[in-house]
There are 2 protein chains.
Amino acid sequence: MQNLSKNQQIIFDLIDKSPEPMKAYSILHNVQKKGIKAPLQVYRALDKLVEIGKIHKIESRNAFIACHNSSCQVSKATAFSICEICEKVTEISSASLSKYLTNFKDKDGMKYSKYNLEFFGLCKKCR
Amino acid sequence: MQNLSKNQQIIFDLIDKSPEPMKAYSILHNVQKKGIKAPLQVYRALDKLVEIGKIHKIESRNAFIACHNSSCQVSKATAFSICEICEKVTEISSASLSKYLTNFKDKDGMKYSKYNLEFFGLCKKCR
DNA sequence: ATTAAATTGTTATAATATAACACTATGTAA
DNA sequence: TTACATAGTGTTATATTATAACAATTTAAT
C-alpha cells in the first residue's frame with residue numbers, strides 16, 4: 001500500500017471526515033481552495049481511491065464514502081444501508097453476510113467474489 | 001395492475017425485447033420514430049415502470065432491464081449478475097437468497113425489505 | 001357530466017462523467 | 001545517476017445522464 005498522491009490525499013481526507021456520502025461536484029467545490037479546479041481531477045482521484053478500496057461509491061446515489069471496514073485494503077464486496085428519509089448511509093460489516101454472498105452460487109453454479117449490496121429502509125432516527 | 005399508458009407500453013416493449021439492459025438515451029433514439037421525442041418522456045415512463053416493478057434499473061450501469069422474476073408485480077428486492085467483459089446482466093431469482101437478505105438484521109437489529117444486489121464476475125461465455 | 005389524478009408535450013437546464021492532449025513527478029533498474 | 005516506464009497533474013472541451021417548470025390532454029371514478 002503506497003501513499004496517496006496529493007490530490008488523492010486531499011480528496012480522501014475530505015470524504016473521510018464527512019458524516020455523509022459526498023457527491024463529486026460537492027467535493028469539487030470543497031477542494032477548489034486547495035487548487036483542484038476541474039471535475040476531471042476529482043474523478044481521477046475518486047477512481048483511484050475506489051480502485052484501492054479507500055472509498056466506496058454508493059451507486060444508487062452517485063456519492064462516495066470512506067471505507068470503514070478494512071481501510072487501506074482493496075475491497076470489492078460491499079454492503080450498505082441507506083435511509084430513505086435522511087439519506088444516512090452506513091457500511092455494513094457482517095462476516096456472516098459477506099460469507100453468505102461470497103459463497104452464493106447462481107443457477108449455473110457460478111460464484112461471485114465481487115458484489116455491491118444496498119439495503120433501503122429507515123434509520124433509527126427516522127423510524 | 002392497470003394497463004400501461006401509451007408511452008409506458010412503447011418503452012416497456014422495447015426494453016422487454018432487448019437482450020441487454022438499455023440506457024435511457026438509447027431508448028430515446030429507438031422510440032423517436034414512435035413520436036417520443038424528449039428525454040423527459042422517456043424518464044417519466046421509466047420511473048413509472050420501475051415503480052410498478054415492470055423493469056429494474058441496473059444502478060452500476062445506469063441501464064434498465066425488464067423484470068423476469070414475477071413480472072407485473074411490484075418488486076423492490078432485486079439481485080443481478082453482471083459480466084464485467086460482455087456486460088451481460090441476468091436477474092437472479094433465488095428464494096434462498098431473497099429469504100436470507102429479507103431476514104438479514106444489521107447490528108441494530110434492523111431488517112430491510114428493500115434492497116438491490118449486484119454481483120460482478122464473468123459469464124459462462126467470457127470465462 | 002364532473003372532477004381529480006395521471007399522463008403527455010415542450011423548452012430549457014442541471015448534474016454527472018469522460019475524451020484528448022501536453023506536461024510533471026516518482027520509482028526502479030541498469 | 002541516467003534512462004525509462006508508470007502514475008499523476010492541469011486544462012479545455014464535450015458527452016452522458018437526469019430534472020425543473022409550465023401548459024395541455026387523457027383517463028378513470030364518481
Side-chain angles (χ1 to χ4, degrees), chain A residues 1-15 18 20-65 72 74 82 84 87 89 116 118, chain B residues 1-15 18 20-65 72 74 82 84 87 89 116 118:
Chain A
M1 177 60 207
Q2 76 246 344
N3 290 324
L4 299 178
S5 74
K6 182 173 127 275
N7 288 1
Q8 288 159 16
Q9 190 68 59
I10 291 169
I11 287 172
F12 174 73
D13 288 344
L14 179 66
I15 296 171
S18 168
E20 63 212 11
M22 294 194 74
K23 294 182 154 247
Y25 278 72
S26 159
I27 292 167
L28 177 59
H29 292 140
N30 275 277
V31 296
Q32 280 179 327
K33 51 189 172 256
K34 301 225 161 130
I36 297 176
K37 291 173 196 153
L40 199 42
Q41 295 175 289
V42 173
Y43 280 105
R44 282 196 287 223
L46 289 174
D47 285 350
K48 190 67 181 185
L49 290 167
V50 167
E51 184 191 327
I52 63 180
K54 298 281 290 184
I55 65 173
H56 304 302
K57 182 173 187 181
I58 309 301
E59 293 286 357
S60 65
R61 300 298 188 261
N62 297 317
F64 300 85
I65 66 169
C72 299
V74 175
I82 302 172
E84 290 180 300
E87 292 292 323
V89 173
N116 181 55
E118 299 181 4
Chain B
M1 177 58 209
Q2 77 246 345
N3 289 324
L4 299 178
S5 75
K6 180 173 128 275
N7 288 1
Q8 289 160 15
Q9 189 68 57
I10 290 169
I11 287 172
F12 174 74
D13 287 345
L14 179 66
I15 296 171
S18 170
E20 63 213 9
M22 292 195 76
K23 296 181 153 249
Y25 278 73
S26 160
I27 292 168
L28 177 59
H29 293 141
N30 276 275
V31 296
Q32 280 181 325
K33 49 190 172 258
K34 299 226 162 128
I36 296 175
K37 291 173 196 154
L40 200 42
Q41 295 176 289
V42 172
Y43 279 104
R44 283 196 287 224
L46 290 173
D47 284 350
K48 190 67 182 185
L49 290 167
V50 167
E51 184 193 327
I52 63 179
K54 297 280 289 183
I55 65 172
H56 304 302
K57 182 173 186 181
I58 308 302
E59 293 286 356
S60 66
R61 299 299 188 261
N62 298 317
F64 300 85
I65 65 170
C72 300
V74 175
I82 302 172
E84 290 180 299
E87 293 292 323
V89 172
N116 181 54
E118 298 181 3

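These values consider heavy atoms only, across backbone and side chains, with no hydrogens, waters or symmetry-generated copies. Labels below follow one simple rule: chain letters A, B, ... track the order of the sequence lines, proteins then strands, and each chain is numbered from 1. Computed from a predicted structure; not experimentally measured.
Across A:Val50 and A:Lys57, no two heavy atoms sit closer than the pair CG2-N, 4.5 Å. Contact detail for A:Phe64 and A:Ile15: the closest heavy-atom pair is O-CG2, 3.7 Å. Among all heavy-atom pairs drawn from A:Ile52 and A:Leu4, the shortest one is CD1-CD2, 3.6 Å. Scanning all heavy atoms of the two residues, the minimum distance from B:Ile82 to B:Glu87 falls at CG2-OE1, 4.2 Å.
Nearest nucleotide to the side chain of A:Gln8, out of C:dT16, D:dT9, D:dA18: D:dT9. Distances were taken from every side-chain heavy atom of A:Ser5 (C-beta onward) to each of D:dA18, D:dT9, D:dT11; the shortest belongs to D:dT9. Across C:dT10, C:dT18, D:dT9, the shortest atom-to-atom separation from the side chain of B:Leu40 is found for C:dT10. Taking the side chain of A:Lys48 as heavy atoms from C-beta on, and the options C:dT8, C:dT18, D:dG8, the nearest nucleotide is D:dG8. When distances are taken from the side chain of B:Lys23 to each of D:dT17, D:dT11, D:dA18, the shortest belongs to D:dT17. Listed candidates were C:dT11, D:dG10, C:dA17. Nearest to the side chain of A:Ala24 is C:dA17. Closest approach to the B:Tyr43 side chain among D:dT17, C:dT10, D:dT12 is made by D:dT17 (side chain taken as heavy atoms from C-beta onward). The nucleotide whose nearest atom lies closest to any side-chain atom of B:Lys6 is, among D:dA18, C:dT8, C:dT7, C:dT8. Nearest to the side chain of B:Pro39, among D:dT11, C:dA17, D:dA18, sits D:dA18.
Interatomic distance, B:Ile10 CD1 to B:Gln41 CD, rounded to the nearest 0.5 Å: 9.5 Å. Interatomic distance, B:Leu46 CG to B:Leu40 CG, rounded to the nearest 0.5 Å: 11.0 Å.
As rounded to whole Å, 12 Å separates atom C1' of D:dT27 from atom CG of B:Asn3. A:Leu46 has its CG atom 13 Å from the P atom of D:dG8, to the nearest Å. The nearest whole Å value for the distance from the CG atom in A:Asp47 to the C1' atom in D:dG8 is 13 Å. Whole-Å rounding puts the A:Leu28 CG to C:dA15 P distance at 13 Å. One interatomic measurement links the two molecules: CG of B:Leu49 to P of C:dT7, which rounds to 10 Å at whole-angstrom precision. Following rounding to the nearest Å, B:Glu59 (CD) and D:dA18 (C1') show an atom-to-atom distance of 13 Å. For the pair B:Arg44 CZ and C:dA5 P, the computed distance is 18 Å after rounding to whole Å. The interatomic distance linking A:Ile58 (CD1) with C:dT16 (P) rounds to 15 Å, in whole Å.
The phosphate of C:dA17 has OP1 or OP2 within less than 4.0 Å of a side-chain N or O from A:Asn62. At least one side-chain nitrogen or oxygen of B:Asn7 sits closer than 4.0 Å to the OP1 or OP2 atom of C:dG9. Using a 4.0 Å cut-off, no side-chain N or O of A:Gln41 falls inside it from OP1 or OP2 of D:dT9.
Side-chain atoms of B:Tyr25 and base atoms of D:dA18 include a donor and an acceptor less than 3.5 Å apart.
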